[in-house]
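A short worksheet on the structure shown next.
Labels below follow one simple rule: chain letters A, B, ... track the order of the sequence lines, proteins then strands, and each chain is numbered from 1.
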Amino acid sequence: MASNKRLGRDFYLRDVLEVAPELLLKTLVMADGKGAMARYVITETEAYRGPEDKACHASKGRTNRTEVMYHDGGRLYVYLVYGIHWMLNIVTGPSENPQAALIRSVKDFTGPGRVTRALGIDRSFNGEDLVSSARIWIEDSGIATGYKTSERIGIDYAGEYWKTRPWRYYL
DNA sequence: TCAGTGATTAGG
DNA sequence: CTAATCACTGAG
């Protein structure tokens, strides 16, 4: 029987290159506070890894915006891009080690901006802790899987090396 | 193919 | 204060 159990801190404390692919097929759960829960299976992620990664916001240093990425893994990093779209990221790794996994798609909602629109994610979720939050968390479906990889999308500015890292993971 | 949109950042 | 940039999307 599938475990349907909330993932604990240890899951998120590992390197983003381990966590990002393992998020595939896990279930993102949203509770509305009135007893209703919506469940979304994660189908596409990307890894952003440390100050050296020119595509990672932490490559520009520690700022108010990037502060949450310096926390222990398990927090959410939510920011607005192009003035329109909220991006949902899961902070990974130990503290002082800025990394995050971008949730690009869940089942039925393809594209990071569409995911947050469908789920009602906005800046109020920035910093939320998936390990203790009453309104959002991730459950282990107990299903193992294979996956594909590719270059990350939308980071042409990062230069040839970082642009070509195969850090996008999808089913 | 390309405009929209506004938070964030660097710089004067 | 100004100006540039942007981990995207939908319309045409």
Fill in: Polar contact flag, side-chain donor to acceptor under 3.5 angstrom, A:Thr164-A:Glu151
no
Discussion item. With a 4.0 Å limit, can you tell me whether A:Arg117 has a side-chain N or O closer than that to the phosphate oxygens OP1/OP2 of C:dG10?
Written reply: yes
Worksheet item: Is there a Watson-Crick or G-U wobble partner for C:dA7 with both distances under 3.5 Å, and which nucleotide is it?
Response: none
Practice prompt. Could you check how far CG of A:Asp156 sits from P of C:dT5, rounded to whole Å?
Written response: 14 Å
Discussion item. Stacking between C:dA7 and A:Tyr48, yes or no? Criterion: centroid separation under 5.5 angstrom, plane angle under 30 degrees.
Written reply: yes
Discussion item. Any carboxylate oxygen within less than 4.0 angstrom of a Lys/Arg side-chain nitrogen, looking at A:Arg49 and A:Asp15?
Written reply: yes
Practice prompt. With the side chain of A:Met69 defined as its heavy atoms from C-beta on, choose the nearest nucleotide among C:dA7, B:dT9, B:dG4.
Written response: C:dA7
Fill in: Base paired to B:dT5 (Watson-Crick or G-U; both N/O distances under 3.5 angstrom)
none
Worksheet item: OP1, OP2 of C:dA7 versus side-chain N and O of A:Tyr157: anything below 4.0 Å?
Response: yes
Discussion item. Just the rounded figure in Å: distance from P of C:dC8 to CZ of A:Arg152.
Written reply: 12 Å
Discussion item. For B:dT8 and A:Arg123 - does any side-chain N or O of the residue sit under 4.0 Å from the phosphate oxygens OP1/OP2?
Written reply: yes
Worksheet, complete the sentence: In whole angstroms, the gap separating P of C:dT5 from CD1 of A:Ile155 amounts to 18 Å
Worksheet item: Are A:Asp122 and A:Arg117 ion-paired here, with the side-chain N under 4.0 Å from a carboxylate O?
Response: no
Item to complete: Can you see which heavy atom on A:Ala47 is nearest to which on A:Ala20, and at what distance?
Response: CB-CB, 4.1 Å
Practice prompt. Would you mind reading off the distance between A:Asn64 atom CG and B:dA7 atom C1', rounded to a whole angstrom?
Written response: 12 Å
Worksheet item: Rounded to the nearest Å, what distance is computed from the CG atom of residue A:Leu80 to the P atom of nucleotide C:dT9?
Response: 13 Å
Practice prompt. Whole angstrom is fine here: how far is it from NZ in A:Lys60 over to C1' in B:dA7?
Written response: 13 Å
Worksheet entry | Rounded distance in Å - CH2 (A:Trp86) to P (B:dT8) | 7 Å
Fill in: Polar pair under 3.5 Å, donor/acceptor by atom type, side chain A:His85, base C:dA7
no
Discussion item. Is there a path of hydrophobic side-chain contacts, each under 4.5 Å between heavy atoms of I/L/V/M/F/W/Y residues, joining A:Tyr170 to A:Phe109?
Written reply: no
Fill in: Rounded distance in Å - OH (A:Tyr82) to P (C:dT9)
10 Å
